[in-house]
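Inspection log for the structure reproduced underneath, given as structure tokens.
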Amino acid sequence: MRWHGPAGSPAHLALHLGAREPLAEIESALARDPVLRQMLPHTSGIAIMRQDPWECLVSYVISAFNNIPKIRLSVEHLARRFGESIPNTSDAGSGDATREGIDGGHNPVGWTFPSPEQLAAASPAALRACALGYRARYVRDMARLVADGRLDLARIAGLPFDEARAALIELPGVGEKVADCVLLFAFGRGEAFPVDVWVQRAVERWYFSGRPTTPRAIRGWAKDRFGPLAGYAQQHLFVGARRRSRTS
DNA sequence: GTGGATCCTAAGTT
DNA sequence: AAACTTAGGATCC
């Protein structure tokens with residue numbers, strides 16, 4: 001992981017993990033929604049992380065049309081092959097309970113996530129060896145954009161929501177869903193509501209009485225309904241939908 | 001119960 | 001708008 005400040009300092013770790021989020025307050029607000037009120041006993045405790053924008057961007061580009069075990073594998077490969085080893089790391093964190101619905105934990109303790117410069121310098125063949133498939137080109141192209149100074153994620157972070165979203169969507173491999181993930185998990189824009197297949201199914205089933213809808217319509221609906229807590233609502237719906245789908 | 005071949009699947013984007 | 005890489009999971013011998 002790349003930290004915003006002094007590596008591993010408790011304050012920045014807490015920020016990264018979303019540990020300072022007022023979860024009780026957030027969840028009691030969400031519980032005004034009947035669907036979420038019923039869901040919360042099963043999903044309580046979700047915190048939205050504040051990820052490094054670059055790591056977040058790459059991770060979610062890799063996530064498209066992919067499955068979670070393989071996403072983990074790819075991120076781990078990237079870190080091991082192109083990142084820097086972190087000396088003197090304890091194993092703290094690896095045995096921790098998984099924070100589902102959140103991209104944390106994809107990068108194993110032991111290596112930093114590679115910088116844009118490190119990935120820009122990687123050969124296409126070496127990137128392919130990270131099991132990225134056709135996404136390898138997206139990762140390399142984005143790395144070059146940042147390394148060359150043509151793309152400034154910190155600048156985008158400061159733009160108004162819609163402008164930042166539009167700028168992200170310009171990037172190779174980034175569509176609306178991935179852009180919303182970066183807005184939510186890296187830029188801390190709580191009004192972002194990433195619509196993936198799970199969330200779409202959940203909203204259609206639990207709010208639209210089974211009527212098919214478009215991701216665009218769902219985003220508009222979510223913004224109206226949940227406002228600045230849309231991202232949190234999305235996480236609870238995502239986790240709830242996935243838990244329900246598993247045989248148990 | 002185990003091991004391997006085969007088929008299907010997957011946090012969307014182009 | 002059909003096609004996309006490829007490891008993992010499911011199913012079936």
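Proteins get letters first, then strands, A, B, ... in listed order; numbering begins at 1 in each. Bear in mind the structure is a predicted one, so any value in this text is a computation, not a measurement.
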> What's the CZ-C1' distance between A/Arg219 and B/dG12, to the nearest Å?
Replying inline: 13 Å
> Just how far, in rounded Å, is C1' of C/dT6 from OH of A/Tyr134?
Replying inline: 10 Å
> Would A/Phe65 count as stacked on C/dC4 if the rule is ring centres under 5.5 Å and plane angle under 30°?
Replying inline: yes
> Relative to the 5' end of DNA chain B, which residue comes earlier, A/Glu170 or A/Asn67, by the nucleotide with the nearest heavy atom?
Replying inline: A/Asn67
>> Tell me the interatomic distance from A/Gln235, atom CD, to B/dA11, atom P, rounded to whole angstroms.
In response: 14 Å
> Does any nucleotide pair with C/dT5 by Watson-Crick or G-U wobble geometry, both distances under 3.5 Å, and what is it?
Replying inline: none
> Is the shortest side-chain N/O distance from A/Arg135 to OP1 or OP2 of B/dT14 below 4.0 Å?
Replying inline: no
> Nearest nucleotide by nearest heavy atom, which residue falls closer to the 5' end of DNA chain B, A/Tyr138 or A/Lys70?
Replying inline: A/Lys70
> On a whole-Å scale, what distance lies between the P atoms belonging to C/dA10 and B/dA11?
Replying inline: 13 Å
> Starting at CD of A/Gln200 and ending at P of B/dT13, how long is that distance when rounded to a whole Å?
Replying inline: 12 Å
>> Does A/Gln38, at its CD atom, have more than 12 non-hydrogen atoms belonging to other residues, nucleotides or ligands within less than 6.0 Å?
In response: no
> For B/dA5, does the O4'-C1'-N9-C4 (purine) or O4'-C1'-N1-C2 (pyrimidine) torsion place it in syn, i.e. within 90° of 0, or in anti?
Replying inline: anti
>> Is there a side-chain contact between A/Arg242 and the phosphate of B/dA11, meaning an N or O under 4.0 Å from OP1 or OP2?
In response: yes
> Can you tell me how far CG of A/Leu119 sits from CZ of A/Phe82, rounded to the nearest 0.5 angstrom?
Replying inline: 6.5 Å
>> Between A/Glu84 (side chain only) and A/Trp111 (backbone N and O only), is there a donor and an acceptor less than 3.5 Å apart?
In response: no
>> Side chain of A/Ser63 only, heavy atoms from C-beta on: which candidate in B/dA11, C/dG8, B/dT13 is closest?
In response: B/dA11
> Between A/Pro69 and A/Gly133, which is nearer to the 5' end of DNA chain C once each is assigned its nearest nucleotide?
Replying inline: A/Gly133
>> Nearest 0.5 angstrom please: A/Phe113 CZ to A/Gln51 CD, how far?
In response: 9.5 Å
> Among C/dA7, B/dG12, B/dA11, which nucleotide sits nearest the side chain of A/Phe238?
Replying inline: B/dA11
>> Could you tell me how far apart A/His77 (NE2) and C/dT5 (C1') are, to the nearest whole angstrom?
In response: 15 Å
> Taking atom P of C/dT5 as reference, at what distance in whole Å does atom CG of A/Leu132 sit?
Replying inline: 12 Å
> A/Arg201 CZ to B/dT9 C1': how many Å, rounded?
Replying inline: 11 Å
> Can we call the ring centroids of A/Phe185 and A/Tyr60 under 6.0 Å apart?
Replying inline: yes
> To the nearest Å, how far apart are A/Arg137 CZ and C/dC4 P?
Replying inline: 13 Å
>> Which residue is it: A/Glu191, A/Arg189, A/Arg219, A/Gln234? I am looking for the one with a side chain to side chain contact (heavy atoms under 4.5 Å, CB included) to A/Asp180.
In response: A/Arg219
> Out of C/dT6, B/dT9, B/dG12, which has the shortest distance to the side chain of A/Arg128?
Replying inline: C/dT6
>> By nearest atom, which of the nucleotides B/dA11, C/dA7, B/dT13 is closest to the A/Val178 side chain?
In response: B/dT13
